Amino acid sequence: MVHTFVSTSDIQREHTIRKSREEVQQMATQAVGYVKDHGLRCMFSAMDATRTDLDYLVAIYRAAEEAGCDIINVPDTVGVMSPSGMYNLISDLRQEISIPIDTHCHNDFGLAVANSLMAIEAGANQAQVTVNGLGERAGNADLAETVMSLKSIYGASLNINTEYVVETARMVERYTTVPITAHRPVVGENAFAHESGIHTHGVLENSDTFEPGIMTPEMVGHTRRIVLGKHAGKHAVRRSLEAANLNPNDEQLNHIIEKVKTIADKGKRLTDADLYAIACAVMHKPMGKPAIDLKELSVMTGNVTTPTAVVKALVNDEERVLSNIGIGPVDAALKAVTGIIGEHANISIHDFRIEAITGGSDAVAEVIVGVQDENGRIVSARSASADIVYASVEALVTAINMLLQK
Ligand SMILES: CC(C)C(=O)C(=O)O
């Protein structure tokens, strides 16, 4: 399909292309005619439609339809529509135009998804969306939010494998380096995370108590998480410890929770490894013998060298050495570690983040790694070091050891 467009609002016509309404209409029909003469499908957009005089907008869309256009697009170019305004506009256009209607909503006021949904309610046939809402300025209607609203709230049947929504968002995040905020709907890290006592208690009994229910983490390829933070409640802490075969009595549990809250109050993210270490200390329980005892790590990298890492470790008391290559030294080192665990190789890295704690080239990096086994059990651990590769490997080894002990 060829998508052709021209500015139709007075502000854009007069200050960008400097054409009269008549000239713009002629340009539109000529462009549509040209596309159709070449045997192609054609979409026509009146750019800045939502700030265009309604009678003129109807006239230009009608002219495009008469020129053979297959579908018209209604862009809210600067994101100024209200949801009810969008509903009314599309309803009006629906009366005048018989070909399908598409929308293109920008997010300047955070209304792009709401406006797209209202357009569809009013009779639009499709909506343009972008992965992670990326687009000019504040972006466009987000794919995950629009798709999941249509599917779960409106009950629409869509030809979309929604279980790849999170994976797609994360892939685009990696390629574009535009981070997804933690609280972003559907795909954000916290979209299915629960922290406060009341919420976690409810969710542990029945996840629908504090989740939409009509949209589950499984539907979008996400995972439900219980966060142990400053609002942590007894149920969540006890459940996490029980999963690691730690059964504190009530007094010990209160003590553990106190310590968890003290750490979280300082703004620290508590990993599973932190929790187990606290619990073992409070319960005077020795931490189990780790399955992996890292002995040596060496890494080679550079602009003419394929990043390579060699890891030597005792795995259940047996000495193993393994090297691997990666796209960078951290990647190579983590691959070498995950390779060295051999029979436990069904453990994969679920989450990896590096945070520089201090500034400067001698910054201490804090790394948090989450690992997952084939049963979906996830354990996270942290490490901090001035050597980013070492911190990554140490956090990974701790997380794997904890998971194996679980
Ligand atoms: C060309 C149209 C669809 C556009 O990108 C906009 O108006 O934002």
Side-chain angles (χ1 to χ4, degrees), residues 1-19 21 23-36 38 40-65 67-83 85-90 92-94 96-97 99-120 122-147 172 176 178:
M1 175 191 284
V2 175
H3 179 187
T4 177
F5 61 92
V6 63
S7 292
T8 50
S9 65
D10 290 346
I11 175 91
Q12 286 199 359
R13 262 191 325 95
E14 285 162 18
H15 296 273
T16 60
I17 54 175
R18 296 182 213 282
K19 301 275 183 211
R21 287 186 178 183
E23 285 171 314
V24 163
Q25 186 160 325
Q26 204 181 14
M27 288 165 74
T29 50
Q30 268 172 1
V32 172
Y34 183 85
V35 174
K36 294 312 294 177
H38 288 76
L40 298 166
R41 275 170 55 77
C42 182
M43 174 189 282
F44 168 71
S45 294
M47 188 148 72
D48 210 9
T50 54
R51 292 193 299 178
T52 300
D53 170 74
L54 184 58
D55 291 340
Y56 176 56
L57 189 66
V58 169
I60 198 163
Y61 279 140
R62 273 206 186 135
E65 182 172 13
C69 190
D70 299 283
I71 176 164
I72 58 151
N73 171 264
V74 184
D76 186 19
T77 303
V78 291
V80 289
M81 274 315 244
S82 66
M86 194 67 180
Y87 184 91
N88 292 336
L89 175 63
I90 300 298
D92 288 349
L93 290 174
R94 189 65 294 167
E96 306 288 342
I97 310 293
I99 52 176
I101 299 179
D102 180 49
T103 62
H104 176 99
C105 295
H106 275 273
N107 204 29
D108 297 67
F109 288 90
L111 292 172
V113 172
N115 287 341
S116 304
L117 296 175
M118 289 310 273
I120 288 172
N125 305 75
Q126 56 187 57
Q128 295 185 3
V129 293
T130 65
V131 179
N132 296 344
L134 294 173
E136 201 69 272
R137 307 181 309 285
N140 288 76
D142 175 65
L143 177 140
E145 293 168 30
T146 312
V147 163
V172 171
T176 59
V178 179

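In this text, all values refer to a predicted model and were calculated from it rather than measured experimentally. Indexing begins at 1, ligand by ligand and atom by atom, following the structure's order.
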Acceptor/donor pairs from residues 107-114 side chains to any protein atom, 3.5 angstrom cut, sequence neighbours excluded:
from	atom 1	to	atom 2	distance (Å)
N107	OD1	L111	N	3.1
N107	OD1	A112	N	3.0
D108	OD1	R137	NH2	2.9
D108	OD2	R137	NE	2.7
D108	OD2	R137	NH2	3.3

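Sorted by chain and number, the heavy-atom contacts of ligand 1 below 4.0 Å come from H3, F5, S45, M47, N73, P75, T77, H104, H106.
Note that OH of Y61 and CD1 of I97 are 8.5 Å apart. Values are rounded to the nearest 0.5 Å.
Listed by chain and number, the residues in a salt bridge (charged side-chain N to carboxylate O under 4.0 Å, His left out) with E65 amount to none (sequence neighbours excluded).
The salt bridge (charged side-chain N to carboxylate O under 4.0 Å, His left out) test with D10 is passed by exactly one of R51, R21, R18: R21. Looking at N73, D102, T77 one by one, the single match for side chain to side chain donor-acceptor pair (under 3.5 Å) with S45 turns out to be N73.
Contacts classified as salt bridge (charged side-chain N to carboxylate O under 4.0 Å, His left out) and involving residues 24-34 (residues at least two apart or in different chains) are not found.
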